[in-house]
Q: 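Have a look at this one before I ask anything.
Numbering of ligands and ligand atoms starts at 1, following listing order.
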Amino acid sequence: MPAALDIKEEILELKKQRNAVILAHNYQTGDIQDLADYVGDSLGLAYQAKSTDADVIVFCGVHFMAETAKIVNPGKIVVLPDKDAGCSLEQSCPAEQLEAFLKENAGKNYYVIAYINCSGAVKALCDVICTSGNAVKIVEQAPPDRPILFVPDENLGAWVMEQTGRKMDLWKGNCYVHVEFTRDSIRKIKDQYPDALVVAHPECTQAVRLLADEVCSTEKMVTWCKNAPSDNLIVVTESGMLHRLRKECPDKNLIAGPTDRCACADCRYMKLNTLEKLRDCLANLAPRVEMDEDVRKRAEAPLLRMLEQSK
Ligand code: 13P
Ligand code: SF4
């Protein structure tokens, strides 16, 4: 009798049978990242999802990311390991609330920019989408004669305003992981490593961003850390990032405090995905992302505009 396959071999075997591609966000656990065909940030993953010729996209990330893959590549079967992998930013901006707000403020003729961390129904109400990797570029290309409404992340929005000098009205949403980091906790780590440089995600609060030497998307963190002029680097974001960084920057001392949870913390949604659930979603081709075609089409236009404008 042949020996039982271990779970990693099972996943690779199923991937071959299904002609699937495994896309993983930088916040996934190390074992998932190591099995993926591509690991990256929301922007890189959207490009990968659009260009793949696989029949099945297995999206190891959170729901809005898998939904984005379906929007830009509707002919594919898109599955995700855990259908409950949500996002606090997505929850902070329900489509009905945004629709009502836009109706009440119809006279303002807002140009609506949505951070990609939102539902397909919200994307369908917007002019253009952005990610943390291209938000500055997208805002710079907004029509100069229209007021901008930026949804749903007030921290990313505030950072983009600082970078571009463009005023925007901000939806009051935030990422529950990144707003937990405090200036004091980062200061304490810095006291232990006075020469350390700090890199933070723009979803952090302004108090934390002001302490950072660099503020950028998860993918840009990789390049920045590789080239940083110090060996000691404090990384302020979700803890999955450390796996990617330790692999890509083996010579750097990536400091996350006495445990990996001091400057970095887990996103409970990202961490719902496991190797077992990854295997099962490949075996069952479920849970599957399905979308109303009218909403998908309306969400596709601002996403394609983003891909075009961020080239
Ligand atoms: P990135 O696009 O920078 O990877 O960010 C995604 C995210 O969810 C951050 O919390
Ligand atoms: Fe959403 Fe924050 Fe988790 Fe990113 S880290 S998926 S923004 S809850």
Side-chain angles (χ1 to χ4, degrees), residues 23-29 32-33 36 38-49 59-69 80-94 113-119 122-123 129-138 150-157 159-160 163 171-181 199-205 208-209 212 214-225 235-245 248 260-261 263-273 303 306-307 310:
L23 305 182
H25 186 264
N26 285 319
Y27 293 166
Q28 291 296 283
T29 51
I32 293 181
Q33 290 191 30
Y38 177 86
V39 183
D41 67 358
S42 308
L43 183 60
L45 289 163
Y47 277 116
Q48 291 291 322
F59 211 112
C60 299
V62 290
H63 186 271
F64 77 81
M65 296 177 175
E67 193 179 47
T68 298
L80 70 167
D82 192 311
K83 66 171 174 34
D84 294 327
C87 169
S88 69
L89 272 167
E90 174 174 352
Q91 288 154 16
S92 67
C93 186
I113 304 182
Y115 184 31
I116 198 163
N117 296 39
C118 62
S119 67
V122 163
K123 289 182 177 77
I129 310 301
C130 72
T131 72
S132 60
N134 63 16
V136 167
K137 221 174 182 178
I138 298 296
F150 188 90
V151 303
D153 189 359
E154 58 180 337
N155 289 303
L156 175 71
W159 176 71
V160 175
Q163 301 302 301
W171 193 267
K172 293 254 163 280
N174 59 52
C175 161
Y176 90 98
V177 179
H178 287 85
V179 296
E180 284 295 310
F181 303 124
V199 60
H201 197 275
E203 289 171 9
C204 294
T205 61
V208 168
R209 294 197 308 272
E214 175 69 0
V215 176
C216 61
S217 75
T218 60
E219 196 57 30
K220 288 183 183 169
M221 282 182 187
V222 178
T223 330
W224 188 85
C225 286
V235 183
V236 191
T237 193
E238 208 275 348
S239 51
M241 195 65 221
L242 293 169
H243 180 79
R244 175 86 197 277
L245 288 173
E248 304 246 4
D260 275 3
R261 279 147 213 277
C264 285
D266 283 351
C267 167
R268 64 171 176 267
Y269 304 111
M270 287 281 180
K271 284 349 192 221
L272 282 174
N273 296 332
L303 266 168
M306 170 189 86
L307 295 179
S310 61

Q: Could you tell me, atom by atom, which parts of ligand 1 come under 4.0 Å of a heavy atom of S132?
A: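 Selected atoms, number and element: 1 (P), 2 (O), 3 (O).
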
Q: Any idea which part of E203 is under 4.0 Å from ligand 1, heavy-atom wise: side chain, backbone, both or neither?
A: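 The answer is the side chain of E203.
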
Q: Nearest to atom 1 (Fe) of ligand 2, what protein heavy atom do you find, and at what distance?
A: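 Result: C87 SG, 2.4 Å.
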
Q: Would you check whether S217 has a nitrogen or oxygen atom less than 3.5 angstrom from a nitrogen or oxygen atom of ligand 1?
A: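 No.
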
Q: What atoms of ligand 2 come within less than 4.0 Å of a heavy atom belonging to L89?
A: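 Those qualifying, in numeric order: 7 (S).
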
Q: Check E90 against ligand 2 and report side chain, backbone, both or neither, counting heavy atoms closer than 4.0 Å.
A: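 Neither part.
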
Q: Below 3.5 Å, N or O to N or O, backbone or side chain included: is there any such pair between D41 and ligand 1?
A: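 No, since none of the N or O atoms of D41 sits under 3.5 Å from an N or O of ligand 1.
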
Q: Below 4.0 Å, non-hydrogen atoms only: which portion of V62 touches ligand 1? Side chain, backbone, both or neither.
A: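 Near ligand 1, V62 shows nothing, with every heavy atom at 4.0 Å or more.
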
Q: Check whether any heavy atom of H25 sits under 4.0 Å from an atom of ligand 1.
A: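 Per 4.0 Å heavy-atom rule, H25 contacts ligand 1.
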
Q: Can you tell which part of T131 has a heavy atom less than 4.0 Å from ligand 1: side chain, backbone, both or neither?
A: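 It is neither part, as no heavy atom is under 4.0 Å.
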
Q: Look at the N, O or S atoms of C175, main chain and side chain alike, and state whether any lies under 2.8 Å from atom 3 (Fe) of ligand 2.
A: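 Not a single backbone or side-chain N, O or S atom of C175 is under 2.8 Å from atom 3 (Fe) of ligand 2.
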
Q: Please state which part of E219 comes within less than 4.0 Å of ligand 1, counting heavy atoms only: side chain, backbone, both or neither.
A: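 No part of E219 is near ligand 1 at this cut-off.
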
